[in-house]
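Notes follow the structure.
When reading the values below, keep in mind they use all heavy atoms of this one structure, side chains included, and skip hydrogens, waters and symmetry mates. From a predicted model like this one, the values you see are computed outputs, not experimental measurements. Throughout, a chain's letter reflects where its sequence line sits, starting with A, and its residues are numbered from 1.
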Amino acid sequence: MTNQPTIICDHLTKQFGNFIAVDHISFEVKAGEIFGFLGANGAGKTTAMRMLCGLSIPTSGNATVAGFDVYKQTEKIKQNIGYMSQKFSLYEDLTVLENIRFYAGIYGLTDRQIREQTDDLLHRLDLGSNAKELVGGLPLGWKQKLAFSVSVLHRPQIVFLDEPTGGVDPITRRQFWDLIYEASESGVTVFVTTHYMDEAEYCNRVSIMVDGKIEALDTPTMLKKQFSASSMDEVFFALARRAQRQGD
Amino acid sequence: MKRFIAFIKKEFLHVFRDRKSLLMLFGLPIAQIILFGFALTNEINHAKILIVDQAKDRASAEIIQKIAASRYFEITDYNADANSIEPEFKKGNVTLALVFPNHLYGDLLHNNNASVQVIADASDPNTATTLTNYIQSIISEYNQQVALATTAGIRIIPQIRMLYNPELKAAPNFVPGVIALILMLVCVMMTSVSIVREKEMGTMEVLLVSPFRPLFVVLSKAVPYLVLSLINLAVILLLSVFLMDLPVKGSIILLFAESTLFIITALSLGLLISTATASQEIAMLLSLMGMLLPTLLFSGFMFPIENMPWPLQLISHIIPARWFYIIVKSIMIKGLGLSAIWKETLILAGMAAFFLVVSIMKFKKRLE
Amino acid sequence: MRTIRFLLQKEFSQIFRNKALLPMILIAPLLQLWILPLAADYEVKNVNIAIVDHDRSGASRDLLHAITSSGYFRMVGYSASYPQALKEIETDRADLILEIPLHFETNVVRQGHEELLVAVNAINGVKASIGASYLSKILQTFNAHLALQWQEMPNTNVRPSVEVISSNWFNPHLNYRFFMVPGILAVLVTLIGSYMTALNIVKEKEVGTIEQINVTPIKKHHFILGKLIPFWIIGMAVFTIGLFAIAMGLYGIVPVGSIVLLYFFLAVYLIAVLGFGLLISTYAATQQQAMSIAFFFIMIFILMSGLFTPIESMPGWAKVIAHLNPVTYFIEVMRMIVLKGSGLKDILPQIGIITLFALVFNGWAIWNYRKTS
């Protein structure tokens, strides 16, 4: 695991008319790191992430993802990242197997690789017996784990997770984070946004966005010290109270 | 009650914020009225014909002159070759060919009888028939001219009075039809899709879990479309009066009352469809195929119901639009009152009640 | 290329799994194709006529006999007075009133002319004028007949006249269905092609799976091809079933021209029409929107395509709209090939125009579709 930064942001900005959603943010994410991108709803997290995924062109500032420029090389970025959105984005009307095969194929895995990876994935998630079930019929927790596994199937350098653990019980969330650790250990950089502050504890480093700006960036331990807080919740409250924007 | 109003307000916001859909909802009746009023007609004008003139005498010249002067025809070739008829038909360049035989005038004078040949491209049988009839009446005129010179015959002349629509405008026929169509469309399609959308998005659960009778949730969806439809009706009537010169002869209040009845029927149908479908695509397809086309056909405004084979005529009896069309015509064009249309009103009311009850029952069942 | 294979696998799995959609797409249009032509008939037949006969003479009876035996009219009753007959029109029991005045016979015999009152329900202007012209024709013949019977001048019973011999090519029995079925099939294929494509893509937008697609390295044109191809195939399938099962099987309409040519045109046409659906999908955020927009345009396309009313009769500005309408060309070509046996050379202009439509719609749609905003 090298310590080269896989994501570099330099005064990255996104403006919609007069509204500055993302306000000149600058930070770096190292390879293999689990980076938590925190903030209240409406703080600008999703907008920032979309720029890093190549889904949205910044208004100003610079950024490179996996070494590629977010203005001119969005397609190259997409080849090297994985993504899991809030809505999980698996096809509910396709089976587990069909979803895996589809995304594997899209990312250019050979037929043989697809077969191997599929078997491996099904085994690890213990979904072997559900392989032919429609994703729509699976419980939420399984959908989430499947979606994550599919997003790293092609062994991307970085995987972006947008609020991945909404709506499930703490145990399932814990299991989900086990998957994230596995990925991180194999060298994948994990960039995760969440508004669950306890999940912040699981990250290597955490940034907190307020009103489009990054107001804090450090390890959870250091942040708690900095704000004399006993939990990330308290850290967050301390910062969020200063916020101007309402949640969406 | 207050909460019901809150729901209705929310639904109104949904509908009016969706600018694109709104544009279509209001744009469609306007477009239809303009098209039906000014562009769509079964009359044939400037039909392209060619003439094979083997006679080249007084008779053919006179007849050709009459044809050239008529606005129904446009002669593309005064002196075509008989062999060119088929290729020209195939290319779609002309729809009729007129062939004058040799010695036309001579035959007429000496044998009192002569004939011309009319060859029509009957791939469109209506046009063919109409054009052939036009030619026949031009030739009749010619015959009369010739005849007047030789004899005075019996003349029984019809004095024709056109009732309700002396100028034979197309508007009196189709405006009531467009009203039926638009009301049916907006209410059925939009309502069903809107309800199914909530189901699909999962927000339906949220609404249903609210301390609120589920029926009111659904009714709150229907109300904006009821209002929209009435506005649409008003727009169509305004267009009809100012653009098409077609006023409402009878009672406007009665017209709106009957329309409300029809709208309720259509809304219930929309609700019924929403209970039967799980996805918006299907709801829309079902509304389209199951509602719109039958309305178009069986209401009677595009095609006369009397012409249809009797099984279809039977089916037309269960289409609400058929009765509504008669009601609108009676009020708007004939200026009649409730006494003339009480039968149709009763039937429509019965249908409204029936669909309402069935759809509510189905909806309640779905929830359990 | 491989990407397309995976995209197609996904699309087809989804389509075939949708138990409600597939039958809808296949059965509903065929049902329409079956019923619509039966219902669509503009011919004016069976005009209901109410008679008010004040004369009740031999002549008036003869006249009435001529009218009822013509086959055009159906006598619904005798009324004693005009106001009474008017009630028949008000209740739509009669379309036309004929009032024969007192002394009808006497006037005809003595003076050689008389006037009859004809009142017509003219709400349907076309029906009214055709009904009136039928009556006029019958009267003309009746005039001549009377002249033969009653006139005393011997040498005027033969009047010179030009007779019209009419022949109808391509459709000798004037079967309106021959005319409608190809046109309706064209419209149905259009409906399915454009609607389904539009809705399908917008659905992915609504659900969110399109964002997932946008984040993958799938190329724009691969994604679009992956959407177009399945619906192109479905369009072809619907057309085939419609042509063979309904048009040929049920109505006995066998194309006079080359079926291969027909399919060739269909292939290009589908690309254009699917492209249109695609275009709509780039402008709509929700399925409801897509539906409204698509419906608006398709309604206009159908009305202005020459399916129900002839394009030649439209005013200039309307003709322009009709010629900007892809459906117009398909209906033209359908009728030309199926009924008249037109060949490749005859339809070259239409092929050219449809190719242009295909390029414009698809090009515009691809340009609009952005993976990155």
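C/M304 is listed as a side-chain neighbour of B/L35, based on a closest heavy-atom distance under 4.5 Å. Residues C/M180 and B/D124 have side chains not in contact (no heavy-atom distance under 4.5 Å, counting atoms from C-beta outward). B/K20 has its side chain within reach of C/I293: a pair of non-hydrogen atoms, C-beta onward, lies under 4.5 Å apart. In this structure, B/M284 and C/F295 have side chains that are not in contact, with every pair of non-hydrogen atoms separated by 4.5 Å or more. The shortest distance between side-chain heavy atoms of B/M189 and C/M291 falls below 4.5 Å.
Side-chain atoms of B/N165 come within 3.5 Å of backbone atoms of C/A122 as a donor-acceptor pair (strictly under, hydrogens ignored).
Within the 4.5 angstrom heavy-atom criterion, atoms from both the backbone and the side chain of C/L36 approach chain B. Proximity to chain B (any heavy atom under 4.5 Å) is restricted, for C/K203, to the side chain, taken from C-beta onward. The part of B/L297 that comes within reach of chain C is its side chain, from C-beta onward, which places non-hydrogen atoms under 4.5 angstrom from that chain. Proximity to chain B (any heavy atom under 4.5 Å) is shown, for C/L63, by neither the backbone nor the side chain. For a residue to count as touching a neighbouring chain, one of its non-hydrogen atoms must lie under 4.5 Å from one of that chain's; by this rule C/I35 touches chain B with backbone and side chain alike. Interface residue C/F179: backbone and side-chain heavy atoms are both found under 4.5 Å from chain B. With a 4.5 Å cut-off on non-hydrogen atoms, C/Q32 touches chain B through its side chain but not through its backbone. Interface remark: B/N133 contributes side-chain atoms only to the contact with chain C (heavy atom separation under 4.5 Å). For chain B, no part of C/K87 is nearby; none of its heavy atoms comes within less than 4.5 Å. At a 4.5 Å heavy-atom cutoff, the contact between B/Y164 and chain C is made by side-chain atoms alone. For chain B, the nearby part of C/N18 is the side chain; its heavy atoms alone come within less than 4.5 Å. Residue C/L116 touches chain B through both its backbone and its side chain, counting heavy-atom pairs closer than 4.5 Å.
Remark: of the listed residues B/V118, B/T132, B/V99, B/I119, B/I119 is the sole one forming a side chain to side chain contact (heavy atoms under 4.5 Å, CB included) with C/S167.
Across B/E74, B/Q32, B/H46, B/K343, the residue that shares the most heavy-atom pairs under 4.5 angstrom with chain C is B/Q32.
Salt-bridge annotation for C/R335 and B/D121: absent, with no side-chain N of the basic residue lying under 4.0 Å from a carboxylate O of the acidic one.
Here the shortest heavy-atom pairing between B/K91 and C/M336 reads O-CE, 3.5 Å. Contact record, B/G92 with C/K340: CA-NZ, 3.9 Å, taken as the closest heavy-atom pair.
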- request: Show the numbers, then the answer: is there a side-chain hydrogen bond (donor to acceptor under 3.5 Å, both in side chains) between B/D18 and C/Q288?
  value: CA-CA 9 Å; B/D18 191 352; C/Q288 211 169 357; 5.8 Å; no
